[in-house]
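The structure under discussion appears below in the form of C-alpha cells.
This structure is a prediction, so every number in the text was calculated from the model and none was measured.
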Amino acid sequence: MVEHGCKITFVNTDFTHKRVMSSMVKQENLHESPMKLISIPDGLGADDDRSDLGKLCDAMLSTMPAMLEKLIEDIHLNGDDKITCIVADVMMGWALEVGSKLGINGVLFWPASATIFAVQYNIPTLIEDGIIDSND
C-alpha cells in the first residue's frame, strides 16, 4: 500500500511494539517512512502474564478502544494527516466501532486460513445440527 502512495499508521500494543522495534535493523529510517509504527497500552502491567488469554482479552477490550480513539483524535488535531480507513484483525473488531464513532470506514481481515474462519463462523450451526457437542 505504501508503494501506491498510502500513508500507513500501524498500531500495536506497547508490549508487541517493543518486540517489533527491537527486532528491526534499520530503525533510523522510520521517521522518514510513510509507514509509522506506534503503540497503545493493552491494559496489563509490565509484569502481568500475557499468556493468560482471558485476562489479556479483558484488559485489551476495556482499555484499547478508548486509547485508539484518543490516538486518532490526537493525530487529527496535531498534524496534516487524517485517518481515512481502519484495517483491523478480526480479533480487534472493536477498532471498527471506534472508527465508526469517528466517521472512519473500516474493514476486518482474517490472517488465518479461510477454513479456520469458516469453522469458527459456523460453530453455532454445527451445534444446532448436532455435528458437534457444545459441552465438549
Side-chain angles (χ1 to χ4, degrees):
M1 292 176 69
V2 169
E3 292 175 0
H4 297 284
C6 294
K7 293 180 181 179
I8 308 293
T9 302
F10 191 93
V11 181
N12 226 325
T13 65
D14 291 341
F15 178 81
T16 302
H17 179 76
K18 288 176 189 169
R19 296 177 71 192
V20 168
M21 296 305 288
S22 69
S23 71
M24 296 181 72
V25 177
K26 293 186 176 184
Q27 294 182 25
E28 67 275 358
N29 293 332
L30 290 177
H31 297 293
E32 300 167 13
S33 173
M35 185 159 114
K36 304 294 182 201
L37 304 176
I38 57 178
S39 66
I40 57 177
D42 62 12
L44 293 180
D47 295 329
D48 283 330
D49 181 11
R50 283 171 174 76
S51 64
D52 181 342
L53 294 181
K55 183 178 177 181
L56 177 60
C57 288
D58 287 343
M60 290 171 76
L61 192 54
S62 67
T63 302
M64 292 182 76
M67 298 305 294
L68 179 62
E69 184 174 346
K70 181 180 180 329
L71 174 68
I72 292 170
E73 289 171 343
D74 289 348
I75 289 171
H76 287 181
L77 290 173
N78 297 326
D80 295 331
D81 294 330
K82 300 287 184 215
I83 306 297
T84 58
C85 179
I86 294 175
V87 179
D89 183 300
V90 73
M91 297 301 181
M92 301 292 173
W94 51 262
L96 295 190
E97 294 174 16
V98 171
S100 179
K101 182 177 177 182
L102 299 173
I104 302 169
N105 292 325
V107 63
L108 296 174
F109 77 97
W110 179 266
S113 73
T115 304
I116 297 298
F117 177 76
V119 168
Q120 288 187 336
Y121 181 78
N122 287 294
I123 285 175
T125 303
L126 295 170
I127 292 170
E128 286 175 17
D129 292 347
I131 296 171
I132 60 174
D133 185 349
S134 63
N135 296 319
D136 290 338

Exercise for review: Check whether Tyr121 and Ile116 end up in the same hydrophobic cluster, where Ile, Leu, Val, Met, Phe, Trp and Tyr are linked by side-chain heavy atoms less than 4.5 Å apart.
Suggested key: yes
Check your understanding: Linking I/L/V/M/F/W/Y whenever their side-chain heavy atoms sit closer than 4.5 Å, directly or via other members, would Met91 and Phe117 fall into one cluster?
Key -> yes
Review point. Between Phe10 and Met92, is there a shared hydrophobic cluster once you connect ILVMFWY residues whose side-chain heavy atoms come closer than 4.5 Å?
Key: no
Review point. Under a 4.5 Å cut-off applied to non-hydrogen side-chain atoms, are Leu37 and Asn12 in contact?
Key: no
Review point. Which atom names give the shortest non-hydrogen contact between Pro65 and Leu61, and what distance separates them?
Key: CD-O, 3.2 Å
Study note, to complete from the structure: In terms of heavy-atom contacts, Met64 and Pro41 come closest through CG-O, 3.2 Å
Revision key, fill the gap. Scanning both residues in full, the closest heavy-atom pair of His76 with Ile83 reads NE2-N, 2.8 Å
Exercise for review: Considering non-hydrogen atoms only, spot the tightest contact between Ile72 and Ile86 and give its length.
Suggested key: CD1-CD1, 4.1 Å
Check your understanding: What about Leu102 and Met67, same hydrophobic cluster or not, with Ile/Leu/Val/Met/Phe/Trp/Tyr joined at side-chain heavy-atom distances under 4.5 Å?
Key -> yes
Practice item. State, to 0.1 Å, how close Trp110 and Ala112 come at their nearest heavy-atom pair, and which atoms those are. Key: CD1-O, 2.9 Å
**Study point:** Asp74 bridged to Lys70 by N-O distance under 4.0 Å
**Key:** yes
Check your understanding: Once you round to the nearest 0.5 Å, how far does CD1 of Ile123 lie from CD1 of Ile131?
Key -> 12.0 Å
Point to revise | Single-linkage hydrophobic cluster, 4.5 Å side-chain cutoff, Trp94 and Ile38 together | key: yes
Point to revise | Residue pair Ala95 / Leu68: nearest heavy atoms and the distance that separates them | key: CB-CD2, 3.8 Å
Point to revise | Pairwise distance CG(Asp14) to CD1(Ile40) - rounded to 0.5 angstrom | key: 8.0 Å
Point to revise | Salt bridge Asp42-Arg50, side-chain N to carboxylate O under 4.0 Å | key: yes
Exercise for review: Give, for atom CE of Met60 and atom OG1 of Thr13, the distance between the pair rounded to the nearest 0.5 Å.
Suggested key: 6.0 Å
Point to revise | Spacing of Thr63 atom OG1 and Leu44 atom CG [to the nearest 0.5 Å] | key: 7.5 Å
Practice item. Please round to the nearest 0.5 Å and tell me the distance separating atom CG of Leu77 and atom NZ of Lys82. Key: 7.0 Å
Exercise for review: State, yes or no, whether a side-chain contact exists between Val90 and Phe109 at a heavy-atom distance under 4.5 Å.
Suggested key: no
**Study point:** NZ on Lys18 to OG on Ser23, rounded to 0.5 Å
**Key:** 14.5 Å
